[in-house]
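The structure under discussion appears below in the form of structure tokens.
Nothing here was measured: the structure is a model prediction, and the numbers come from that model.
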Amino acid sequence: MARTAVMTGATGRIGTEAVKALAAMGINVVMVTHNPQAAEALSAACAGLPGEVVGMSNEAGDDAVFDDVYERFGSVDILIPNHSAPDSTDPPEEVKAEDIEKKFRHQVVNTFKMIKRAAPYLKKSGAGRIILISSAGAYNGDNSFSFTASVVNGAVTSMMRYLSETLSAYGVTVNCIVKGKFEPDHIKEGETASIDVSDIPLKRAATAKDFGAVCAFLASEGAGAVTGQSIFLTGGQIRI
């Protein structure tokens with residue numbers, strides 16, 4: 001039976017390549033989204049791939065989502081909470097407490113709620129996978145990332161480490177992709193990327209396809225011995 005992934009942020013900047021990479025592996029992908037038009041377009045773009053790609057709303061709650069996914073596909077094997085929230089670009093001394101609270105609620109509390117509701121299904125999988133998303137600023141204080149994102153993503157990383165220990169008894173792996181600088185989505189012909197890569201050892205920013213490839217590896221059955229790890233998609237900026 002094919003394995004099934006549930007992913008938020010699937011139709012966003014880098015999520016689309018993760019969806020394509022998973023579907024190319026034969027993994028079914030359920031995109032939890034508030035943008036049905038984008039989900040429909042991505043489903044159409046993935047037609048013909050071994051895995052089925054569908055969009056689903058969670059307006060009735062996450063419980064209903066996982067029940068529906070399980071009923072339709074017979075399993076929930078992979079969870080990728082890739083949702084985010086707008087960041088305050090203000091310097092730390094000007095950031096409002098509400099900005100941090102809002103982002104923390106969206107990216108940490110909501111992620112935890114989704115993990116909690118998915119956990120019973122992931123434990124049944126035998127090869128459950130949780131892939132969380134963080135950013136370089138949470139590790140090295142890189143001020144090209146916002147203060148709010150760096151603080152909140154630090155909490156995401158702590159959640160990953162704790163859950164990787166507690167869920168390991170059920171064969172569920174929990175890892176985190178740490179995003180560094182990314183190439184822009186669209187570069188017009190004749191233009192070059194505007195990202196400064198002088199401080200990146202590889203001298204290039206990551207791409208959405210890089211992100212998709214790492215997601216595909218961590219989601220694979222072959223990654224069953226990898227858990228509690230931060231995978232740095234930073235071109236060598238962070239080496240731990």
Side-chain angles (χ1 to χ4, degrees), residues 5-19 30-39 42 55-66 78-119 130-164 166 174-182 184-185 195 205-206 208 211 215 230-234 237-238:
V6 176
M7 182 175 182
T8 60
T11 61
R13 190 167 70 93
I14 59 176
T16 55
E17 291 299 332
V19 171
V30 177
M31 303 174 288
V32 180
T33 180
H34 298 296
N35 189 340
Q37 292 79 17
L42 185 52
M56 189 175 292
S57 170
N58 65 346
E59 289 183 2
D62 289 338
D63 285 336
V65 167
F66 290 109
I78 302 148
L79 178 65
I80 309 175
N82 184 45
H83 51 261
S84 186
D87 297 324
S88 169
T89 57
D90 293 332
E93 62 273 18
E94 296 179 17
V95 170
K96 297 180 178 66
E98 309 89 81
D99 296 331
I100 297 178
E101 290 171 348
K102 182 178 180 180
K103 190 165 181 65
F104 188 91
R105 183 171 61 253
H106 189 85
Q107 201 160 336
V108 178
V109 176
N110 288 352
T111 293
F112 170 71
K113 287 180 178 179
M114 181 164 272
I115 291 172
K116 187 175 180 179
R117 287 162 180 159
I130 298 173
I131 303 171
L132 303 181
I133 314 300
S134 185
S135 64
Y139 288 82
N140 65 358
D142 184 345
N143 61 16
S144 65
F145 295 88
S146 76
F147 175 74
T148 55
S150 298
V151 169
V152 169
N153 281 321
V156 171
T157 301
S158 295
M159 180 163 55
M160 176 272 292
R161 289 173 176 160
Y162 198 99
L163 290 176
S164 68
T166 58
V174 189
N175 295 289
C176 188
I177 299 176
V178 181
K179 297 185 299 182
K181 294 180 180 179
F182 267 74
D185 290 331
I195 295 176
F211 178 82
C215 275
S230 294
I231 309 299
F232 296 101
L233 203 54
T234 62
Q237 278 188 301
I238 301 175

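Separation of atoms CG (Asn175) and CD1 (Ile133) is listed at 10.5 Å; rounding is to 0.5 Å. Between atom CZ of residue Phe211 and atom CD of residue Glu17 there is a gap of 10.5 Å, rounded to the nearest 0.5 Å. The CG atom of Asn153 sits 7.5 Å away from atom SG of Cys176, with the distance rounded to the nearest 0.5 Å. Put simply, CG on Leu233 and CD1 on Ile14 are 8.0 Å apart, with the number rounded to the nearest 0.5 Å. How far CE of Met114 is from CZ of Phe66: 4.5 Å, rounded to the nearest 0.5 Å. The CD1 atom of Ile130 sits 6.0 Å away from atom CG of Leu79, with the distance rounded to the nearest 0.5 Å.
Contact detail for Phe182 and Ala205: the closest heavy-atom pair is C-CB, 3.9 Å. Across Ile177 and Cys215, no two heavy atoms sit closer than the pair CD1-SG, 3.6 Å. Listed here is the closest heavy atom pair of Thr234 and Val178: CG2-O, 3.9 Å. Here the closest non-hydrogen pair linking Ser146 and Ala149 is OG-N, 3.0 Å. Scanning all heavy atoms of the two residues, the minimum distance from Gly15 to Asn82 falls at CA-ND2, 4.0 Å. Scanning both residues, Met159 and Leu132, for their nearest heavy atoms gives CE-CD1, 4.4 Å.
Inter-residue side-chain proximity for Met160 and Val156 is flagged as unmet; no heavy-atom pair is nearer than 4.5 Å. A heavy-atom distance below 4.5 Å is found between the side chains of Val95 and Asp90.
For His106, the ring pair (Phe, Tyr, Trp, His ring centres under 6.0 Å) partners are His83, not counting sequence neighbours. For Phe147, there are no ring pair (Phe, Tyr, Trp, His ring centres under 6.0 Å) partners two or more places apart in sequence or in a different chain.
No donor-acceptor distance shorter than 3.5 angstrom exists from the side chain of Thr16 to the backbone of Thr11, with no hydrogens or angles considered.
Legend: salt bridge (Lys or Arg N to Asp or Glu O under 4.0 Å) pairs involving residues 92-112, not counting sequence neighbours, sorted by first then second residue: Asp87-Lys103.
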